[in-house]
Amino acid sequence: MKLKRRDFLKRSAVAAGTMLVAPGLARAAEPTTRNFDPYEKVPLGKTGMNFSRVCIGTGVHGGNRESNQTRMGKEKFENLLNEAYDRGVRVFDLADLYGTHPYLIPALKSIPRDKYFIISKIWWDKGGIPEKERPDADVVIPRFLKEIGTDYIDLVLLHCVRSPKWNGDLRKQMDILAKYKEKGTIRGHGVSCHSLEALETAASEPWVDSVHARINPYGMSMDGPAEKVAPVLQKIHAAGKGVVGMKIIGEGRLRNDDEKKNASIKYALDLGCVDILNVGFEKVEEVDDFAARVRKVPMKA
């Protein structure tokens, strides 16, 4: 049967509309999830600072003011720091124990200081550094500022606390750091923990702005099995404190195991309580490799 011209045009319009609408419906049905960005700025607890998700650590096998990073020599180490910045890393984890203070500012000499964040740590315990004396933080912080070449440090930690009573034993240093924070000499303070009991104390200690904690699904170089450590980190995060994850690559032991490396990165990101991934990169290629693996992890809805 022949179609009238008006009916033909009407049916053609409907068909064309269906063709136009269908792709839109298909797009609407597509999942809206996105993957993690290694260099996205994320809040560090309630500090008011937004760190890049990936941080470069500088203390691989560190002690006595040297580390694998310092042992590579000034030129190579500074190049690594500079290349990391160029890729999007905006957080640099230093420490007196590692001897890495003098390297960062020269490496980033052309970059304004407010474009990146510096973390450092006070070694308060015996051993670790050459001197036997352990002066108070009001002596140590001015030295740090001079060594680094800056007039403020974004985050200062009491390094490697282990006792569940560290917040009593180190209260004097905590009070001094709090005064420096009031002056703006430092912007935040906290601890790096090396025992489950110390982590538990950090979760309930109001003074703590941020915690460095060791986390991976395999319990490598950690303060206990992952199933015991993770709930404490979630408690710390829920209290509004920053959580910086260390030993994501198991202190380098997962470097050559792609499957476990991927699983460890995904585990830390999926926990939802680890704000920053702190990794002791020793090569530019390791920065790129880690970033690529982070980008493969989908964010939970």
Side-chain angles (χ1 to χ4, degrees), residues 44-47 49 55 57-59 62-65 93-98 118-129 131-141 143-144 153-182 185-216 219-226 228-247 251 273-276 278:
L44 183 73
K46 296 179 180 178
T47 64
M49 295 183 282
C55 161
T58 63
N64 207 34
R65 295 212 178 100
D93 185 69
L94 315 177
D96 196 17
L97 183 71
Y98 314 150
I118 297 175
I119 302 170
S120 192
K121 313 179 197 75
I122 295 174
W123 188 260
W124 54 272
D125 204 359
K126 60 185 178 182
I129 55 177
E131 302 87 356
K132 292 182 179 179
E133 299 78 15
R134 294 292 177 267
D136 291 333
D138 55 355
V139 174
V140 174
I141 293 298
R143 173 169 66 82
F144 280 17
I153 302 171
D154 298 287
L155 180 62
V156 174
L157 308 179
L158 297 172
H159 203 167
C160 195
V161 298
R162 293 179 294 273
S163 169
K165 299 184 292 182
W166 64 260
N167 58 338
D169 298 339
L170 296 172
R171 180 59 60 177
K172 182 178 181 181
Q173 309 313 316
M174 293 162 64
D175 290 343
I176 294 171
L177 291 176
K179 290 178 181 178
Y180 274 120
K181 182 181 171 183
E182 289 175 6
T185 307
I186 68 175
R187 299 176 66 190
H189 42 55
V191 287
S192 70
C193 291
H194 284 246
S195 79
L196 193 58
E197 295 78 13
L199 275 175
E200 290 277 10
T201 300
S204 58
E205 171 53 56
W207 176 86
V208 172
D209 295 322
S210 186
V211 177
H212 274 37
R214 303 181 290 183
I215 185 68
N216 60 69
M220 291 181 174
S221 301
M222 282 175 52
D223 304 316
K228 289 189 176 182
V229 172
V232 183
L233 299 189
Q234 288 164 345
K235 186 178 177 182
I236 291 170
H237 191 265
K241 306 175 191 301
V243 176
V244 177
M246 307 182 290
K247 306 299 185 284
E251 204 169 18
C273 61
V274 179
D275 303 308
I276 310 300
N278 181 8

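Partners of H159 by ring-ring contact (aromatic ring centres under 6.0 Å, His included), not counting sequence neighbours, listed by chain and number: Y98, W123. Applying the ring-ring contact (aromatic ring centres under 6.0 Å, His included) criterion to F144, with sequence neighbours excluded, gives H101. For D136, the salt bridge (Lys or Arg N to Asp or Glu O under 4.0 Å) partners at least two apart in sequence or on another chain are K172. Scanning for side-chain hydrogen bond (donor to acceptor under 3.5 Å, both in side chains) contacts around E182 gives an empty result, with sequence neighbours left out. Applying the side-chain contact (heavy atoms from CB on, under 4.5 Å) criterion to K46, with sequence neighbours excluded, gives no partner residue.
Taking every heavy atom of both residues into account, K121 and S192 meet most closely at CD-OG, 4.4 Å. The minimum heavy-atom distance between A230 and C273, with the atom names listed, is O-SG, 4.5 Å. What you find for A226 and P231 is that their closest heavy atoms are O-CD, 4.1 Å. Between D125 and R134, the shortest heavy-atom contact is O-NE, 2.6 Å. Nearest heavy-atom pair across V229 and G224 is CG2-O, 3.6 Å. Across all their heavy atoms, A137 and L177 have their closest contact at CB-CD2, 4.1 Å.
A salt bridge does not link R162 with D223: none of the charged nitrogens is closer than 4.0 Å to a carboxylate oxygen. Between D138 and K179 no salt bridge is recorded (no basic side-chain N to carboxylate O distance below 4.0 Å).
No donor-acceptor distance shorter than 3.5 angstrom exists from the side chain of D275 to the backbone of V244, with no hydrogens or angles considered. One N or O on the side chain of T58 and one on the backbone of D93 form a donor-acceptor pair closer than 3.5 Å. With hydrogens and angles ignored, the 3.5 Å screen pairs a side-chain donor or acceptor of D154 with a backbone N or O of I118. Side chain of R214 to backbone of S221: a donor-acceptor contact under 3.5 angstrom is found. A donor-acceptor distance shorter than 3.5 angstrom exists from the side chain of N278 to the backbone of G57, with no hydrogens or angles considered.
To the nearest 0.5 Å, atoms CE (M246) and SG (C55) are separated by 10.5 Å. Taking CZ from R65 and CD from E131, the interatomic distance works out to 4.0 Å, rounded to the nearest 0.5 Å. A distance of 9.5 Å separates NE2 in H194 from NE2 in H212, rounded to the nearest 0.5 Å. Interatomic distance, C160 SG to L97 CG, rounded to the nearest 0.5 Å: 8.5 Å. Rounding to the nearest 0.5 Å places OG1 of T47 at 11.0 Å from NE2 of H189.
Of the options L44, V208, D209, L233, a side chain to side chain contact (heavy atoms under 4.5 Å, CB included) to K241 is made by V208 and by none of the others.
Side-chain contact between Q173 and V140 is absent, with no heavy-atom pair separated by less than 4.5 Å. Between M174 and L158 the shortest side-chain heavy-atom distance falls below 4.5 Å.
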Identify every side-chain donor-acceptor pair in residues 196-206 under 3.5 Å, counting partners at least two apart or on other chains, and give the distances.
| residue | atom | partner | partner atom | Å |
| --- | --- | --- | --- | --- |
| T201 | OG1 | P164 | O | 2.6 |
| T201 | OG1 | E197 | O | 3.2 |
| S204 | OG | T201 | O | 3.3 |
| E205 | OE1 | N167 | ND2 | 2.9 |
| E205 | OE1 | R171 | NH2 | 3.1 |
| E205 | OE2 | W207 | N | 3.0 |

